[in-house]
Amino acid sequence: MTLIRRLIAAGMAATAVFTASPAYAAPPVIEDLGVPLQDVLLLGGVVAPGPGGKTVIWSASSGVPAHLNAVDPATGAEVARFDLPDAGGAWAVDATPDGSVYAGTYGNSHLFRWTEKDGVKDLGNPLQGETFVWTLAAGEGATVYGGTSPGGRLFGYDPATGVRDYGRLSPSHAYVRSVSYADGKIYAGTEAPAALFEIDAAGGAVRQLPLPPGLDPAGKWAYDVNVAAGHLYVRFGGAFPGPLHVWDLASGTWIDTVDPAHGLDVSPPDEEGCVYFVKAGELVRYDPRTKTTTPTGVPVTGRVANTRGIGWAELGLPDYPGKSLVGLLWRGMMFRYNPQTGAKSFVQSGIRGEPIDVTALSQGPDGRMYAGGFLNGGFAAMNAETGKAEEFHTFSQSEDMVSHDGRLYVGAYPDARVYSYDPKLPWNSTEYSPSPEPGPAPNPARLFDLAADKQIRPRAMVSAGRYLAVGTMPDLGHLGGVLAVWDPVEGRLRHSQRNVVTDQSIVSLAYRDGVVYGGTSIYSGQSATPPTQKEARLFAWSVAENRMLWEITPAPGKPAVPALAFDSMGRLWGVAGGEVFAVSTHLRKVVKRVTLSDSKSSSGQLAFNPRDRRLYGAHAGRSVFSLDPLTGRHAVLKEGPVHQLAVHGSGDVYFAEGPKLFRYHQGR
């Protein structure tokens, strides 16, 4: 006993090691399971000269760090790959007439420049205080123009003179989402409510252009802005297909609308001034003189049919004489089309996949552990005995996962989409399969989304008796999440209600005896939206009666209750910042508090382990801890930036630090 007391006093051992494990069991260990999610996600791109002067497709792949890739359009092979240090990715990639290639990044909001002579150089943050370079457009010589957030600012960069700050284009806009340049003018589009500006590159004068007749800018972005052969092409909407409006620069009028059009760019013009882009899932040629589109027979299918760099290249291949249209799709597939012969082909490029941060963990109905990822997404299944990944599939960014009645349900970003996956059947994602063959019946099957309620993140999901309960976070500029109850038997939403708690998102859920318990966050699903509330709430909702039973403030001053879990005695535990608390649902009040730190972080995880009757959690992105719900004693199991955690039925605790997965394995 003396030895045990000394160890506990020194904070060196979790209670479970000595009281819950059999005497013959091996001690707990933390295993590094590696990276379960790795895939290609391409954002910005351009077709331009590369190393040796040969035309390549440049594209930025998201990762840690992100990379600037050059691909041979004739073979798909990797020509070059450059680190973009400290960047998570780059929507903004363009090439200037002098042969420079620029990338504007997020994560560190830097501007990078590639030249044949010097390779890639980090030019730093062009505008201090801005966190995201959204867009770049080539100007004259080596000059490039860019737009940023959250200040909604425009800048120019010339290697000879440095950065020029054009300032904020509009006091009511936080994003300059898209930029293009022609004949001394910069054209820039913003977030919702969409606005379009013309800026004199030399003098800096700003003029707001009229919107297309009848266009309601509410909820729409000027998402893509491209100048080609005397016309300005502006796609209003968002990441998914929407109307592409055509502005004649000479007359200063809107002359046509093409709908639906995909982004992210139209091609450079051909010899007749026509451009190519994806319309309704097919590559088309558009003639602004006749206002007609001509199909090419090149299908571009799946959920995201946006081009990531589109332009002209001489391939030197049979059936591809002269110049062919080439480009990349978001998962690394390359397409080619020759207007003379009609030849078309798809080739998987040699762009390497990047590790993906884990954003969701859950035990599946088949006993395996499942992981979903950030941005690039991905879907991986791990063997419960070895902890190693057995399957990987391309999929959406996952916000949460939960098992319910033989299925694994996945909440996906954006649009707050919910999917049902049956692990007994083959995987087949018709939305995320590579173009051009999406496949037959989907598995996961998409059940519903809450885009109409302005929701983007299904952050919390729980099995609620017969039903599945989902809590969400809203889109930019909106507050107030939705509590949705899905009936898998009838295949319909039984209930869906926004602002169950006024102006608060629903970020955690638990269920017991016909009642769904929810933890809220004062924040929207996008950080730029200012909150109106001061502290998070905990509520109880009757599933049978579709009504609120009660709500309390469980952790005064804390902005979020990101995780909830019941212990073996029926007490509801939650985490809020650096505090863990227990609630008596009968008394409707907090009955125990445990302080881990003074953090007010909105991040945290909490799960009950029935094997040793302890709580396991991730504390404010700082550490993994265990906690005895009887005594409140707790121990740090591992320091590190942990944001995701789940307990397997075996008693193993899985958690992730960025893209790396770990398992706290208790000897049995």
Side-chain angles (χ1 to χ4, degrees), residues 32-46 50 56-71 76-94 101-114 119-123 125 131-136 239 264 304 306-309 328-334 348-360 371-380 389 392-399 412-413 432 434 621 640-644 656-662:
D32 184 342
L33 301 179
V35 176
L37 301 166
Q38 188 163 322
D39 204 357
V40 176
L41 178 66
L42 304 180
L43 296 176
V46 67
V56 298
I57 312 175
W58 291 94
S59 191
S61 55
S62 297
V64 183
H67 289 92
L68 181 63
N69 306 277
V71 172
E78 176 186 292
V79 174
R81 173 180 164 95
F82 302 97
D83 287 355
L84 300 177
D86 300 320
W91 281 95
V93 176
D94 208 353
V101 176
Y102 288 90
T105 66
Y106 61 83
N108 63 359
S109 189
H110 280 207
L111 184 65
F112 293 85
R113 182 190 183 205
W114 174 87
V120 169
K121 284 193 171 183
D122 186 350
L123 304 177
N125 189 342
T131 62
F132 206 124
V133 178
W134 279 101
T135 177
L136 290 175
L264 293 167
V304 179
N306 293 342
T307 59
R308 262 53 177 176
L328 287 166
L329 304 177
W330 70 318
R331 294 300 190 177
M333 185 74 74
M334 181 179 74
Q348 186 63 42
S349 73
I351 295 176
R352 286 174 261 175
E354 306 282 357
I356 303 167
D357 284 1
V358 175
T359 54
F374 172 71
L375 195 60
N376 310 43
F379 185 88
F392 173 82
H393 304 284
T394 294
F395 196 56
S396 179
Q397 175 174 316
S398 298
E399 296 288 321
Y413 167 95
Y432 291 90
V642 176
H643 295 280
Q644 303 301 324
E657 291 184 12
K660 296 187 70 174
L661 188 66
F662 295 85

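Remember, it's a predicted structure, so these values are computed and weren't measured experimentally. The chain is numbered in sequence order, starting from 1.
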The reported gap from CG in Leu84 to CH2 in Trp114 (rounded to nearest 0.5 angstrom) is 13.5 Å

With a 4.5 Å limit on heavy-atom distance, are the side chains of Leu123 and His110 in contact? no

Taking C-beta and beyond as the side chain, do Ile356 and Pro659 meet within less than 4.5 Å on heavy atoms? no

For this session: Could you tell me whether the side chain of Leu43 reaches within less than 4.5 Å of the side chain of Leu264, counting heavy atoms only?
Result: no

Rounded to the nearest 0.5 Å, the NE2 atom of His393 sits from the OH atom of Tyr432 at a distance of 15.0 Å

Minimal heavy-atom distance between Asn108 and Pro85, with the atoms involved, is ND2-O, 2.9 Å

Discussion item. I want to know whether Trp58 and Tyr102 have ring centres closer than 6.0 Å.
Written reply: no

Heavy-atom closest pair (Ala90 atom, Ala103 atom, distance to 0.1 Å) is CB-CB, 4.4 Å

Here the gap from Thr105 atom OG1 to Trp134 atom CH2, rounded to the nearest 0.5 Å, amounts to 12.0 Å

In this structure, CZ of Arg331 is separated from CZ of Arg308 (nearest 0.5 Å) by 9.0 Å

Note: Ala371 and Leu37 closest approach over all heavy atoms is O-CD2, 3.8 Å

Output for pair (Asp32 CG, Glu657 CD), nearest 0.5 Å, gives 9.0 Å

Hits for salt bridge (charged side-chain N to carboxylate O under 4.0 Å, His left out) against Glu399, two or more places apart or cross-chain, chain-then-number order -> Arg457, Arg459

Practice prompt. Start with the C-alpha gap between Ser59 and Val71, add the side-chain angles, then the distance that decides, and say whether side chain to side chain contact (heavy atoms under 4.5 Å, CB included) holds.
Written response: CA-CA 8 Å; Ser59 191; Val71 172; over 6 Å; no

Residues Ser349 and Gly332: closest non-hydrogen pair is OG-O, 2.6 Å

Residues 80-93 vs salt bridge (Lys or Arg N to Asp or Glu O under 4.0 Å), sequence neighbours excluded, gives Arg81-Glu354

Is there a side-chain contact between Val101 and Phe82 in this structure, where contact means two heavy atoms from C-beta onward sitting under 4.5 Å apart? no

TODO: Decide yes or no on side chain to side chain contact (heavy atoms under 4.5 Å, CB included) for Phe662 and Val642, but give the supporting numbers first.
DONE: CA-CA 10 Å; Phe662 295 85; Val642 176; over 6 Å; no

d(Gln397 CD, Thr359 OG1) to nearest 0.5 Å is 5.5 Å

Taking every heavy atom of Pro355 against every heavy atom of Val35, the minimum-distance pair comes out as CB-CG1, 3.9 Å

Smallest heavy-atom separation, Gly378 atom then Phe392 atom, equals CA-CE1, 3.8 Å

**Request:** Begin with the C-alpha distance, continue with both residues' side-chain angles, and end with the deciding distance and a verdict on side chain to side chain donor-acceptor pair (under 3.5 Å) for Thr394 and Asp39.
**Result:** CA-CA 7 Å; Thr394 294; Asp39 204 357; 2.8 Å; yes

Under 3.5 Å: donor-acceptor pair, side chain of Ser396, backbone of Tyr413:
yes

From the list Val304, Ile351, Asn376, side-chain contact (heavy atoms from CB on, under 4.5 Å) partner of Leu41 resolves to Asn376

